[in-house]
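My questions will all concern the structure given below.
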Amino acid sequence: MAKYYLPSGMRYATLEERKQFYISEFNLSEVAQWFEKCIGKVNFAVIIGRHTRIYPEKYREDADTTIIIDEYHGLNEVRDQILEFLPESAYYDRNVYDENDRKTGQELAFDLDPENITCPIHGSLADKMKRHQGLSFCALELQMVREQAISLYEYLENEFSELRIVYSGRGFHIHVFDPEAYTLSDKKRRELARTVKAKGFGIDEWVTAGEMRLIRLPYSLHGLVSRIVVPVEKSELERFNPVVDARCIPKFLGEAFTS
Ligand SMILES: [Zn+2]
């Protein structure tokens, strides 16, 4: 098995690049729009350097830690805190809390990742793990995960109506904003995760079942692949190619790079 890592053109972002991105490209009005329908306060989170091992020296001890950002006034302050940590990844908490910080529900989401796809060339996740390539993926896996996002969307449309797809940097997320999806029981979520998995979709069951409550923040930078996390319309998914699509390519990679 030949060594492989990421589709060509994808790579880790440096600290300086993360900084540049969050100063000049991170679009707070788009982020605000994403949370428009949310009731209550949103908690954010960052991971500084767990996978990339790239972190500001002063945060060496916290490079692996999931740092929760729950004390802020306005998204400007969230950005300020992101700029302080310069993380490889930024997330938000799908849990919905009341004014006493009690959980009242959770946004339903599906996380389709290339590592959960069995690739005709690189094999299953177990095969990849054996080679210590659990986070690697190839262009073919990316294409397969996109096909899965399209069919999972169509499957979910039978039950839900307010669906959004997000290119997550590696694969795709499908978010469900139907009000009744927020109050699904844990049991129902686990069943849904199992059903979808049994249908052959390469989802991360933990995300759908709710144990993993964090999800990548739309419009943030995915620092492992140097791509911007962006919502994508279902109708354009068929043609969407994150290797070259201008919407998800940060300026630091250069304009010549985009198609
Ligand atoms: Zn592959």
Side-chain angles (χ1 to χ4, degrees), residues 3-7 9-28 31 34 41-73 75-95 109 111-116 125 128-137 142 166-173 204-207 210-230 242 248-253:
K3 275 247 175 195
Y4 85 129
Y5 189 56
L6 293 171
M10 292 190 173
R11 62 159 174 85
Y12 291 173
T14 65
L15 283 180
E16 186 51 39
E17 289 167 342
R18 295 177 191 175
K19 184 173 167 185
Q20 255 186 51
F21 173 82
Y22 284 106
I23 286 178
S24 66
E25 278 187 89
F26 184 47
N27 193 323
L28 291 183
V31 176
W34 179 263
K41 192 168 169 177
V42 181
N43 290 343
F44 296 88
V46 295
I47 294 177
I48 300 176
R50 183 181 295 170
H51 298 294
T52 57
R53 306 314 300 162
I54 297 172
Y55 44 79
E57 200 40 50
K58 62 177 166 177
Y59 291 121
R60 172 179 288 275
E61 298 292 310
D62 289 312
D64 278 350
T65 315
T66 302
I67 300 169
I68 304 289
I69 300 176
D70 57 358
E71 288 187 26
Y72 62 91
H73 298 282
L75 291 174
N76 275 313
E77 282 192 20
V78 175
R79 178 179 49 194
D80 290 347
Q81 294 192 44
I82 293 177
L83 275 166
E84 170 61 27
F85 296 121
L86 297 178
E88 62 185 22
S89 296
Y91 305 88
Y92 73 92
D93 184 351
R94 292 181 293 126
N95 283 358
D111 174 20
L112 287 157
D113 275 326
E115 68 260 26
N116 291 321
L125 179 57
K128 296 172 200 175
M129 298 284 275
K130 261 182 257 162
R131 299 190 306 264
H132 307 287
Q133 294 183 323
L135 285 171
S136 297
F137 62 100
L142 195 56
V166 171
Y167 163 62
S168 69
R170 299 168 47 76
F172 295 90
H173 294 153
D204 180 339
E205 285 183 80
W206 278 52
V207 171
E211 283 103 333
M212 179 57 199
R213 64 182 206 273
L214 299 178
I215 196 148
R216 206 167 276 280
L217 175 63
Y219 306 104
S220 67
L221 179 72
H222 192 313
L224 275 72
V225 290
S226 294
R227 286 297 179 280
I228 306 169
V229 177
V230 285
C248 60
I249 299 199
K251 287 197 192 103
F252 63 76
L253 287 183

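Positions are given from 1, in the same order as the sequence printed here. Here the structure is a predicted model, which means the values were calculated and not measured.
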Give the C-alpha distance, both sets of side-chain angles, the deciding distance and a yes or no for side-chain contact (heavy atoms from CB on, under 4.5 Å) between Ile67 and Ile47. CA-CA 6 Å; Ile67 300 169; Ile47 294 177; over 6 Å; no

All pairs passing salt bridge (charged side-chain N to carboxylate O under 4.0 Å, His left out) where residues 12-27 contributes a residue, at least two apart: Arg11-Glu17

Those residues that, when tested against Glu61, pass salt bridge (Lys or Arg N to Asp or Glu O under 4.0 Å) (two or more places apart):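 Not a single residue meets the salt bridge (Lys or Arg N to Asp or Glu O under 4.0 Å) criterion with Glu61.
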
Test item: Leu15 and Pro56 side chains (from C-beta on) under 4.5 Å apart, heavy atoms: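 Side-chain contact under 4.5 Å: yes.
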
Do you know which two heavy atoms are closest between Pro7 and Leu142, and how far apart they sit? CG-CD2, 4.3 Å

Run the side-chain contact (heavy atoms from CB on, under 4.5 Å) check on Met212 and Leu214 step by step: do they pass? CA-CA 6 Å; Met212 179 57 199; Leu214 299 178; 3.5 Å; yes

Distance from Asp111 atom CG to Phe172 atom CZ, nearest 0.5 Å?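 CZ of Phe172 is found 11.5 Å from CG of Asp111.
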
Could you pull out all residues at least two apart from Asp93 that satisfy salt bridge (Lys or Arg N to Asp or Glu O under 4.0 Å)?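 Scan of Asp93 (salt bridge (Lys or Arg N to Asp or Glu O under 4.0 Å), adjacent residues dropped) gives Arg213.
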
Excluding sequence neighbours, so at least two apart, what forms ring pair (Phe, Tyr, Trp, His ring centres under 6.0 Å) with Tyr219? none

Sub-4.5 Å side-chain heavy-atom contact between Arg227 and Leu253: yes

For Ile48 and Asp62, work out which heavy atoms get closest and say how close.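 Smallest heavy-atom distance, with atoms named: CD1-O, 4.2 Å.
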
Drop me the distance from Thr14's OG1 to Ile54's CD1, to the nearest 0.5 angstrom.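 Output value for this atom pair is 7.0 Å.
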
Donor-acceptor check, side chain of Lys41 to backbone of Glu71, threshold 3.5 angstrom: yes or no?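 Flag not set: sc Lys41 to bb Glu71 has no pair under 3.5 Å.
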
Those residues that, when tested against Glu84, pass salt bridge (Lys or Arg N to Asp or Glu O under 4.0 Å) (two or more places apart): Lys58

Partners of Asp64 by salt bridge (Lys or Arg N to Asp or Glu O under 4.0 Å), sequence neighbours excluded? Arg53

Which pair of non-hydrogen atoms, one from Val225 and one from Gly169, has the smallest distance, and what is that distance?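 Here Val225 and Gly169 meet closest at CG2-O, 3.2 Å.
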
Does some side-chain heavy atom of Leu28 sit less than 4.5 Å from a side-chain heavy atom of Arg79? yes

Under the rule for side chain to side chain donor-acceptor pair (under 3.5 Å), what residues qualify as partners of Asp113, not counting sequence neighbours? none

Sort out for me which residue in Val229, Ile215, Val230 forms a side-chain contact (heavy atoms from CB on, under 4.5 Å) with Val166.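 That would be Val229.
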
ring-ring contact (aromatic ring centres under 6.0 Å, His included) partner of Phe44, chosen from Trp34, Tyr92, Tyr72: Tyr72

Should Arg50 and Thr66 be marked as a side-chain hydrogen bond (donor to acceptor under 3.5 Å, both in side chains) after you check the CA-CA gap, both sets of side-chain angles, and the distance that decides it? CA-CA 9 Å; Arg50 183 181 295 170; Thr66 302; 3.0 Å; yes

Backbone N or O of Phe252 within a donor-acceptor pair of the Gln20 side chain at under 3.5 Å? no

Contacts of Arg94 that satisfy side chain to side chain donor-acceptor pair (under 3.5 Å) - sequence neighbours left out: none

Minimal heavy-atom distance between Pro250 and Leu221, with the atoms involved, is CG-CD1, 4.0 Å

Mind checking what makes side chain to side chain donor-acceptor pair (under 3.5 Å) contact with Arg60, not counting sequence neighbours?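 Tyr55, Glu57.
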
Can you label the angle between the Phe21 ring and the Phe26 ring as parallel, tilted or perpendicular, going by 30° and 60°?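 It falls in the tilted class, 30° to 60°.
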
What's the spacing between Phe137 CZ and Asn116 CG if we round to 0.5 Å?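 So the CZ of Phe137 and the CG of Asn116 are separated by 12.5 Å.
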
Sorted by chain and number, sequence neighbours left out, side chain to side chain donor-acceptor pair (under 3.5 Å) with Glu115 holds for Arg170

Please list, chain by chain and in numerical order, all residues satisfying side chain to side chain contact (heavy atoms under 4.5 Å, CB included) with Ser89, sequence neighbours excluded. Tyr91, Arg216, Leu224

Could you give the distance from CG (Leu6) to CD (Gln133), rounded to the nearest 0.5 Å? 10.5 Å

Can you name the residues that form a side chain to side chain contact (heavy atoms under 4.5 Å, CB included) with Met129, not counting sequence neighbours? Leu125

Heavy-atom side-chain contact between Ile82 and Pro87 under 4.5 Å: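 Ile82 reaches Pro87 side chain to side chain.
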
